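Please read all numbers here as calculations on a predicted model, not as lab measurements.
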Amino acid sequence: MNIQQRTDMRINKLLLALLLIGGTVFAQEYPGEFTKLDGWSIEGEKQFYSRDNLYDYINGASDFYLGYDFQDLWVVDYKNEAGQMLTLELYRHGDKLKTFGIYSEERPQSAKLQEIGAQGFLESGAVFFLADNYYVKVYNSRPEVGEADFVAFAKAVAQSICSDCGMPHQFESFPENGRVALSERYMPENFMGISGFNGVCTVKYEHQGESFRLFVYEASDKNCRALMEKYFKRLKYKKKLKEKTYSFDDSYLGKVQIYYKEGRVAGMLDAKNPDSHQVLFEALIR
């Protein structure tokens, strides 16, 4: 065997190894629950995207989605017996709360909610909804698909994910009085300008003629204590951390009320008169 033949053999073995690795890494099976949607069948090739190539599909927004622990995306066309088409996009994220985070960022304040999954809305010929750790978009690529059939398809998809879809439990502790509709948000990183203060839930309120935010963070007590101590250091507050409510005049954030308890940090921001809203703050920390 000459040098060229040995070189060609090594190249062929390398290519085969790469193909085998590629098949292991990239071969994906479309979730079976989405293949049995009454009245609709899959049309054409199914497209799959991972964290590594999401930019190929949504180049300008891929980093934004990755910030909410994006896992993978399926893009699949469906056709009914009349030949009408819908396009389904299934964005899967790390957990329900992070999925809510990306969904709520794209949900307009004026959205007219639909009873689809945990929550959904229609806009510009598309349905957007939240179901467990899936953020789902359905595009009416053929205008002749009536709204009733369009919405029914979206509900069938949601039902195949979770029979009793619900919102993230972290928002259940926020009081209802004064709560601004559709103002719930998930803050993925560096809340209050504190490094590592990631995964905070916030809700906007209007109470006693003033707008402000309440927030909740739940994590290991080690993380909660570390974040509080970082905040104390920034304010040059040198007393020992205790389970209590602290009130500060923060040069960056204004008046801040922040409560620490084992495994939990909660607070109030943006209020000029925090004392006027203690009934809501107390309801939150209870």
Side-chain angles (χ1 to χ4, degrees), residues 63-71 93-105 132-133 166-180 183-205 207 210-286:
D63 287 344
F64 183 58
Y65 276 71
L66 292 172
Y68 289 90
D69 198 15
F70 168 84
Q71 300 295 302
H93 292 258
D95 59 40
K96 183 187 292 188
L97 185 57
K98 295 183 180 73
T99 310
F100 171 82
I102 185 66
Y103 162 81
S104 61
E105 284 292 338
D132 200 23
N133 63 333
M167 297 287 278
H169 75 272
Q170 288 86 347
F171 291 99
E172 294 174 0
S173 62
F174 288 87
E176 290 299 326
N177 184 28
R179 188 167 174 166
V180 176
S183 66
E184 300 87 355
R185 290 291 183 273
Y186 169 83
M187 315 305 292
E189 60 183 3
N190 300 342
F191 186 66
M192 292 173 59
I194 302 172
S195 175
F197 201 177
N198 305 336
V200 178
C201 297
T202 73
V203 177
K204 186 177 179 180
Y205 284 80
H207 183 253
E210 190 173 20
S211 295
F212 57 93
R213 288 179 294 163
L214 298 180
F215 69 86
V216 166
Y217 172 76
E218 296 175 351
S220 69
D221 192 51
K222 180 181 178 180
N223 283 356
C224 291
R225 294 184 68 88
L227 292 169
M228 289 295 295
E229 287 164 0
K230 280 184 182 180
Y231 188 50
F232 283 0
K233 185 176 181 180
R234 190 173 88 186
L235 298 176
K236 299 180 180 179
Y237 182 81
K238 297 183 179 180
K239 293 185 179 180
K240 186 178 179 180
L241 177 64
K242 297 180 179 180
E243 290 194 356
K244 58 175 283 189
T245 297
Y246 295 86
S247 297
F248 295 113
D249 284 319
D250 188 314
S251 58
Y252 295 101
L253 300 171
K255 294 184 181 296
V256 173
Q257 280 200 323
I258 189 165
Y259 167 80
Y260 162 73
K261 178 183 177 181
E262 184 177 352
R264 196 165 191 256
V265 176
M268 181 191 304
L269 299 174
D270 308 329
K272 294 181 179 179
N273 300 294
D275 291 344
S276 300
H277 316 299
Q278 287 308 295
V279 63
L280 298 180
F281 185 70
E282 291 295 329
L284 175 71
I285 66 176
R286 278 201 300 270

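Phe248 has its ring centre less than 6.0 Å from the ring centre of Tyr237. Here Tyr231 and Tyr246 keep their ring centres 6.0 angstrom or further from each other.
Distance alone, capped at 3.5 Å, is enough to place a donor-acceptor pair between the Asn190 side chain and the Gly196 backbone. Glu210 contributes a side-chain N or O that, together with a main-chain N or O of Lys272, makes up a donor-acceptor pair within less than 3.5 Å. With hydrogens and angles ignored, the 3.5 Å screen pairs no side-chain donor or acceptor of Glu184 with any backbone N or O of Cys201. Of the possible donor and acceptor atoms, none in the side chain of Asp249 sits under 3.5 Å from a partner among the backbone N and O of Gly254. Checked by atom type and distance alone, the side chain of Asp250 pairs as donor or acceptor with a backbone atom of Tyr252 at under 3.5 Å. Side-chain N or O atoms of Asp69 include none that pairs as donor or acceptor with a backbone N or O of His93 at under 3.5 Å.
Residues Tyr205 and Asp270 bring no donor and acceptor atom of their side chains to less than 3.5 Å of each other.
Here OG of Ser104 is found 8.0 Å from CE of Met167. Values are rounded to the nearest 0.5 Å. Atoms CG and CE, on Asn223 and Met228 in that order, are 13.5 Å from each other to the nearest 0.5 Å.
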- [ ] Assess whether side-chain contact (heavy atoms from CB on, under 4.5 Å) is satisfied between Val265 and Leu227, documenting all intermediate values.
- [x] CA-CA 9 Å; Val265 176; Leu227 292 169; 5.6 Å; no

Task: side-chain contact (heavy atoms from CB on, under 4.5 Å) assessment of Phe215 paired with Met192 - done: CA-CA 11 Å; Phe215 69 86; Met192 292 173 59; 3.8 Å; yes

Open item on the list: Working note: Glu218 + Arg264, criterion salt bridge (Lys or Arg N to Asp or Glu O under 4.0 Å); need CA distance, chi angles, decisive distance, verdict.
Closed with: CA-CA 5 Å; Glu218 296 175 351; Arg264 196 165 191 256; 3.6 Å; yes

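Ring orientation note: the planes of Tyr68 and Tyr186 are tilted relative to one another, at an angle of 30° to 60°.
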